[in-house]
Amino acid sequence: MNHWSTYQLTEFFAAVCEPRDEQAAITVAVERAAEVLEAEVAAMLSGDGAEVVRGVDRDLLEGALPDGASPGVLALPGLGELHLSVARFGSEPRGTLLVARAGEPLAPEERQLLQAMGQTLGLALHNIALLTAERRLREEREREAAERLALVESLREARHDSLTGLPTRVLFLEILGEKLDGGGPVSVLFIDLDRFKAVNDSLGHRAGDDLLGHVAGRIRDCLGSAGTGARLGGDEFAVLLGGSTTENAVPVAWRIIEALRRPFRIAGRDVFIGASIGIATGTAGTDPGDLLGNADVAMYRAKKDGPGKVILFEPRMHAEALARLTLGGELRRALELDEFRLLYQPLIRLETGAATGVEALVRWSRPGRGYVPPAGFLPLAEENGLITDIGRWVLRAAGEQAARWRRTIPEMTLNVNVSGRQLTDPRFTGDVERTLAECGLPAAAVTLELTESVLMSDPRTAIACLGDLRDLGVGLAVDDFGTGYSSLSYLQRLPVDELKIDRTFISRAEPTVADLAVIRTVVELARTLKLRTVVEGVETEEQHRAMRELGCDYGQGYHLCRPLEPENIPAAFANPLATYPGA
């Protein structure tokens with residue numbers, strides 16, 4: 001029996017010690033005890049009751065056990081009377097391993113084996129508890145270490161841009177503050193990329209991120225060890241030049257401008273962007289945030305003046321920025337309060353002098369100040385995104401008005417100007433389609449005008465957007481043609497119907513031979529491409545006659561007809577080039 005029990009005990013010990021949690025160890029112990037001692041019932045008891053039971057229902061066993069689970073006879077329904085043996089283990093009353101079997105009670109050697117099994121289970125549970133505590137402590141330490149690492153990484157990310165590796169705004173302002181405290185002049189360059197959004201929209205965000213990384217590299221190359229670059233967010237960067245006057249900072253700014261004009265190889269193609277830069281200089285006592293803000297204000301002025309400009313900050317720019325902010329708020333309220341109005345300028349058929357269509361021109365009827373011309377608010381609306389809502393209002397109001405006119409003038413057409421933001425708005429085509437349907441206006445009666453500069457800033461995207469509009473059946477026109485450096489190859493691919501020749505080509509009261517030569521070339525190009533031509537800015541009879549002789553199809557200008565209030569449009573169509581209000 002000793003050899004047999006020692007073997008069984010060794011197997012029991014190995015089996016019970018293998019699990020990593022207490023419940024599994026107890027289950028193994030109960031099953032092995034029942035198997036070795038040939039018991040019908042086995043269980044592990046604790047102060048909370050039976051933890052694991054084999055051979056009988058838990059509730060039935062707990063109800064039949066005598067107080068204290070003492071050895072003796074255990075009567076169980078269906079099993080009859082069983083001989084009960086127990087083994088308690090643990091320094092404190094930790095638990096009891098019990099078995100109950102029919103027939104003969106456990107022999108002394110078997111009771112010794114049961115007791116050894118109990119002690120072994122107690123030892124295994126103690127070890128498991130120690131290992132579990134150690135494992136939890138280790139996991140807690142690992143979690144704390146991971147949290148510390150995450151905190152370090154988050155702090156690093158707050159100070160270094162993960163995309164470019166450059167300092168962020170937070171770290172840049174810290175470095176700028178230290179340089180200012182050190183005395184001497186410090187210059188800040190605020191850099192905003194031109195045409196970055198077009199790259200992001202057309203090639204995707206991954207390509208945009210790749211482009212930003214290349215931009216950061218070129219800025220580093222331009223600076224060397226002479227300054228500190230930073231990415232402020234989006235497509236905005238900054239450069240700090242310690243010990244640098246404004247005069248010293250300007251050449252650095254132009255060096256960056258030239259570097260960013262060179263093509264970038266992105267997503268397998270050459271991408272062209274540019275940058276606008278504002279410069280501000282401060283000395284000891286200047287607030288770092290204020291200095292960066294001054295450079296930002298100067299950058300805005302540079303961007304307003306056109307791409308690829310460098311502008312130095314001047315104090316008066318703050319007043320202009322405040323005025324712009326105020327105007328932006330008033331512009332939003334103007335849309336809510338229905339302060340916008342539409343004037344309509346006829347398109348005149350030069351061959352006959354008859355009006356055939358109108359162009360809708362938005363004006364802001366600012367309370368107490370009269371009409372505000374488009375140049376006074378549309379650039380700001382384009383900048384702050386309000387142009388999309390204004391453009392939607394113009395399209396609806398002009399569409400409803402044109403539909404009313406067409407009841408008595410069925411051939412009248414309507415031209416509506418479209419901004420670059422509207423063109424790239426995914427809802428725009430749907431807005432046009434819905435407006436046409438709700439106004440009862442045929443698509444062929446409407447021509448949407450887009451400036452040449454908008455179309456040429458990203459011709460591939462423009463072609464895709466215009467294709468969707470063309471599928472609706474509306475006409476499409478290139479406005480201000482001749483000012484946006486068109487590529488003739490793209491012009492041939494753009495699905496447009498009309499070229500509107502910019503007024504700068506006939507700005508003289510009497511066009512010169514050179515002026516006429518340029519316009520003749522445009523007219524012949526349009527004929528080759530089967531496009532209508534509209535010449536803008538016809539202000540004199542000499543211009544009118546010259547444009548008609550060159551073969552321009554239509555004209556607009558004060559000599560032909562000024563923009564009119566809606567009530568005066570019917571008279572303009574009834575009397576070709578006659579005298580009517582505003583003629």
Side-chain angles (χ1 to χ4, degrees), residues 166-169 171-196 215-216 218-262 273-328 375-376 379-380 382-384:
L166 293 175
T168 61
R169 180 187 293 266
L171 182 55
F172 182 81
L173 288 173
E174 290 180 8
I175 298 172
L176 179 56
E178 293 173 359
K179 291 290 185 182
L180 288 168
D181 291 342
V186 178
S187 292
V188 170
L189 281 58
F190 198 111
I191 306 166
D192 186 89
L193 302 184
D194 299 324
R195 299 184 295 279
F196 174 76
V215 167
R218 292 195 186 177
I219 291 175
R220 285 194 195 95
D221 293 342
C222 290
L223 297 178
S225 59
T228 301
R231 182 184 176 214
L232 303 179
D235 62 344
E236 294 179 338
F237 293 80
V239 166
L240 184 158
L241 299 174
S244 173
T245 63
T246 301
E247 290 73 18
N248 296 333
V250 170
V252 177
W254 281 115
R255 194 156 62 239
I256 293 173
I257 291 280
E258 292 303 320
L260 299 182
R261 277 177 179 161
R262 299 196 307 270
I273 59 169
S276 301
I277 299 181
I279 300 176
T281 301
T283 56
T286 304
D287 181 79
D290 291 344
L291 185 57
L292 182 61
N294 291 345
D296 187 8
V297 169
M299 182 280 299
Y300 174 81
R301 170 57 68 85
K303 212 161 187 68
K304 188 176 180 181
D305 288 352
K309 297 292 193 303
V310 174
I311 296 293
L312 305 180
F313 171 77
E314 298 177 15
R316 62 179 175 81
M317 292 180 181
H318 269 308
E320 295 173 357
L322 179 60
R324 187 173 69 252
L325 184 63
T326 302
L327 182 64
L380 179 59
E382 183 84 28
E383 175 192 331
N384 63 21

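What you see is a predicted model; the values in this text were computed from it and never measured.
Interatomic distance, CD1 of Ile257 versus NZ of Lys309, reported as 9.5 Å (0.5 Å rounding). The CG atom of Leu312 sits 11.5 Å away from atom CD1 of Ile277, with the distance rounded to the nearest 0.5 Å. Put simply, CG on Leu240 and CG on Leu292 are 10.0 Å apart, with the number rounded to the nearest 0.5 Å.
Annotation: side chain of Thr281 is not in contact with side chain of Thr245 (no heavy-atom distance under 4.5 Å). Annotation: side chain of Leu166 is in contact with side chain of Arg220 (closest heavy-atom distance under 4.5 Å). Annotation: side chain of Lys304 is not in contact with side chain of Ile311 (no heavy-atom distance under 4.5 Å). Within the 4.5 Å cutoff, no side-chain heavy atoms of Asn248 are placed close to those of Leu241.
Side-chain N or O atoms of Arg301 include none that pairs as donor or acceptor with a backbone N or O of Glu314 at under 3.5 Å. Of the possible donor and acceptor atoms, one in the side chain of Arg255 sits under 3.5 Å from a partner among the backbone N and O of Cys222. Of the possible polar contacts, none joining the Asp194 side chain to the Ile273 backbone as a donor-acceptor pair under 3.5 Å is found. Here the side chain of Ser244 pairs no donor or acceptor atom with the backbone of Ser187 at under 3.5 angstrom.
Counting all heavy atoms, side chain and backbone alike, Pro167 lies closest to Phe172 at CB-N, 4.4 Å. The heavy-atom pair separating Ala275 from Ile191 by the smallest distance is CB-CG2, 3.9 Å. In this structure, Thr168 and Ala230 approach most closely via the heavy-atom pair O-CB, 4.3 Å. Among all heavy-atom pairs drawn from Asp287 and Leu180, the shortest one is C-CD1, 4.4 Å. Pro288 and Leu176 get closest at one heavy-atom pair: O-CD2, 3.5 Å. Between Leu291 and Gly282, the shortest heavy-atom distance links the atoms CD1-N, 3.6 Å.
Residues passing the ring pair (Phe, Tyr, Trp, His ring centres under 6.0 Å) test with Phe313, sequence neighbours excluded: His318. For Asp235, the side chain to side chain contact (heavy atoms under 4.5 Å, CB included) partners are Asp192, Leu193, Phe196, Leu212, not counting sequence neighbours.
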